[in-house]
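Have a look at the structure below before the remarks.
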Amino acid sequence: MADTATRHQLEALEIQLLLTGVAERYGFDFRGYAPGSLTRRIRAAVAREGVSSISALQERVLRDPGCLGRLVETVSVHTTSMFRDPEFYRVLRQEAVPMLRTYPFARIWVAGCATGEEVYSLAIVLHEAEILERCRIYATDISDAALERARRGVFPLSDVDTHALAYRAAGGAGDFANHIVTDSKSAIFCQPLRQQVVFSQHNLVCDGPFNEFQLVLCRNVGIYFDKELRRRVLELIYGSLCKFGLLGLGMRESLRYTFLADAFQELPGNVRLYRRIR
Amino acid sequence: MRTELVAIGASLGGLEALQRILPALPEGFSPAITIVQHRHARITQGVDLAHLLARNCRLPVAEPWDKEPIEAGHVYLAPANYHLIVERGQLALSVDAPVMHSRPSVDVLFESVADAYGATGLAVVLTGASEDGALGARAIKAAGGQIWVQDPNTAAAPVAPRAAMARTDVDAVLSLEEIGQRLAVLDARKAARPAPRRNRPRSKTGNPV
């Protein structure tokens, strides 16, 4: 039993050293990430690289930028899906669209967009509400590889049915097929959706605000940060959101016990959509 | 070693199994309980599973928020489409890829319990149609914790308990009723209080039976 405790302490130490090394050498600072999921991901990286320990991983990462790239991918990217939590998009149609309609030009930030499913889901909602042309969506992520996939907007043809179901559950009254162009193997999102989106790299940990937005979506990103880092990220988002702007979080994230609890009012619908009131 | 945290994994047939175990827990039960019941991503705001399980349970049952503190005697049910991760004193959620097609995954929960609670963790593997949970059970055992499995002969789906038994030495193979009864006497607070004067039966290890 003492043996297990020693093993855990050693692993925790190796993780700290690895993260310090990566932060100092490359500027990617993962030290504020939530320990539970971070430990899982680092163990997965060790297995994937075929090295014998976290220390061995550190040795390779510090010398091989390719290995760093793979580590960044493993540690930072979350998996998502089209219209994840369909009721969120229903409420977005009801609450966010009317608000965005009042602006001649609206800026929207999808922070931590990963491979873009949430971005295209949002774009479809705005397009069907006929306001997409008056919106500019800034979709950012730490991962270049994820952004590349997101930019392409391509997915396997075999996923069309699943996406169409999710689209319908999210309140889509039209035909999901109208938003894509297909060939024998894949589907790609239509040009009108893609042209209103700018995908760019942005690191929530260390980059500052870059604009002011009427709507910010940061769903299931904060769950990967520890409390302190999440606080800093929420501060960044708060500072980027105009007064009466809307913020969307993941279904099991809440502003309630954070320093922003009084600055926001949760909108009806029980989907973690908030309006900045202060 | 007293149990601080109980982690229950269930898949096919799990709802019925949980509804036979949870009512056995007494008011004032001290260890926290985390549950992964395999469930599909919600398409609509449908059945509130936590509400259903809370019906005959004396302890509060809820899906946790991300970073919710772990409170004694509370039952936490993994939300649909999230992995539930236990950290020391706090719950965390993740949307990492499904494990064995499952999110929430039992292995993810159990492995985190092994890390965070070690020898004070107890995993219970209930009925299930996949092996999700077997590797996690092994991790808990390696960290000094305990594993109980539902007797495969009583399980709606025996795959999960059998897989756990194949991967590690389990501490007990029990019927659902026995699981409920044993959990009920697991109360850490009771174990910490001085024993009353009458002789209490003790096992070879000196622990209360």
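Chain naming here is simple, since letters A, B, ... match the order of the sequence lines and numbering starts at 1 in each.
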Report summary line: The interface call for B:V108 against chain A, heavy-atom contacts under 4.5 Å, is both

Report summary line: One option among B:P98, B:A92, B:P64 has the most heavy-atom pairs under 4.5 Å with chain A, and it is B:P64

Report task. Check each of B:P60, B:P69, B:P31 against B:H74 using the side chain to side chain contact (heavy atoms under 4.5 Å, CB included) test, and report the only one that passes. Result -> B:P60

Query raised in the report: Non-hydrogen atoms of chain B under 4.5 Å away: do they reach the side chain of A:F225, the backbone, both or neither?
Result: backbone

Query raised in the report: Do you know the tightest heavy-atom contact between A:L71 and A:A45?
Result: CD1-CB, 3.8 Å

Requested in this report: With a 4.5 angstrom heavy-atom cut-off, could you sort out which part of B:E68 is near chain A: side chain, backbone, both or neither?
Outcome: neither

Query raised in the report: With a 4.0 Å cut-off, would you call A:R231 and A:E235 a salt bridge?
Result: yes

Query - Part of B:A116 within contact of chain A (heavy atom distance under 4.5 Å) - result: neither

Report task. For residues A:E266 and A:V271, report the shortest heavy-atom separation together with the two atoms involved. Result -> OE2-N, 4.2 Å

Query raised in the report: Between atom NE2 of A:H78 and atom OG1 of A:T115, what is the distance when rounded to the nearest 0.5 Å?
Result: 7.5 Å

**Report entry** B:L93, part contacting chain A, at a heavy-atom distance under 4.5 Å
**Finding:** both

Query - Step-by-step salt bridge (Lys or Arg N to Asp or Glu O under 4.0 Å) determination, B:R39 to B:E63 - result: CA-CA 13 Å; B:R39 53 198 300 199; B:E63 292 180 4; 3.0 Å; yes

Query raised in the report: Relative to chain A, which segment of B:R88 carries a heavy atom at a distance below 4.5 Å: side chain, backbone, both, or neither?
Result: neither

Report task. Evaluate salt bridge (Lys or Arg N to Asp or Glu O under 4.0 Å) for A:R84 paired with A:E118, printing each intermediate quantity in order. Result -> CA-CA 8 Å; A:R84 183 194 155 112; A:E118 187 169 63; over 6 Å; no

Requested in this report: Assess whether salt bridge (Lys or Arg N to Asp or Glu O under 4.0 Å) is satisfied between B:D96 and B:R103, documenting all intermediate values.
Outcome: CA-CA 8 Å; B:D96 285 2; B:R103 185 170 64 197; over 6 Å; no

Query raised in the report: Among A:A34, A:A12, A:P35, who wins on heavy-atom pairs under 4.5 Å with chain B?
Result: A:P35

Query raised in the report: Which bit of A:R272 comes within less than 4.5 Å of chain B, counting heavy atoms only: side chain, backbone, both or neither?
Result: side chain

Query - Residue B:S94 versus chain A: region with a heavy atom under 4.5 Å - result: both

**Report entry** Structural part of A:R43 lying under 4.5 Å from a heavy atom of chain B
**Finding:** side chain

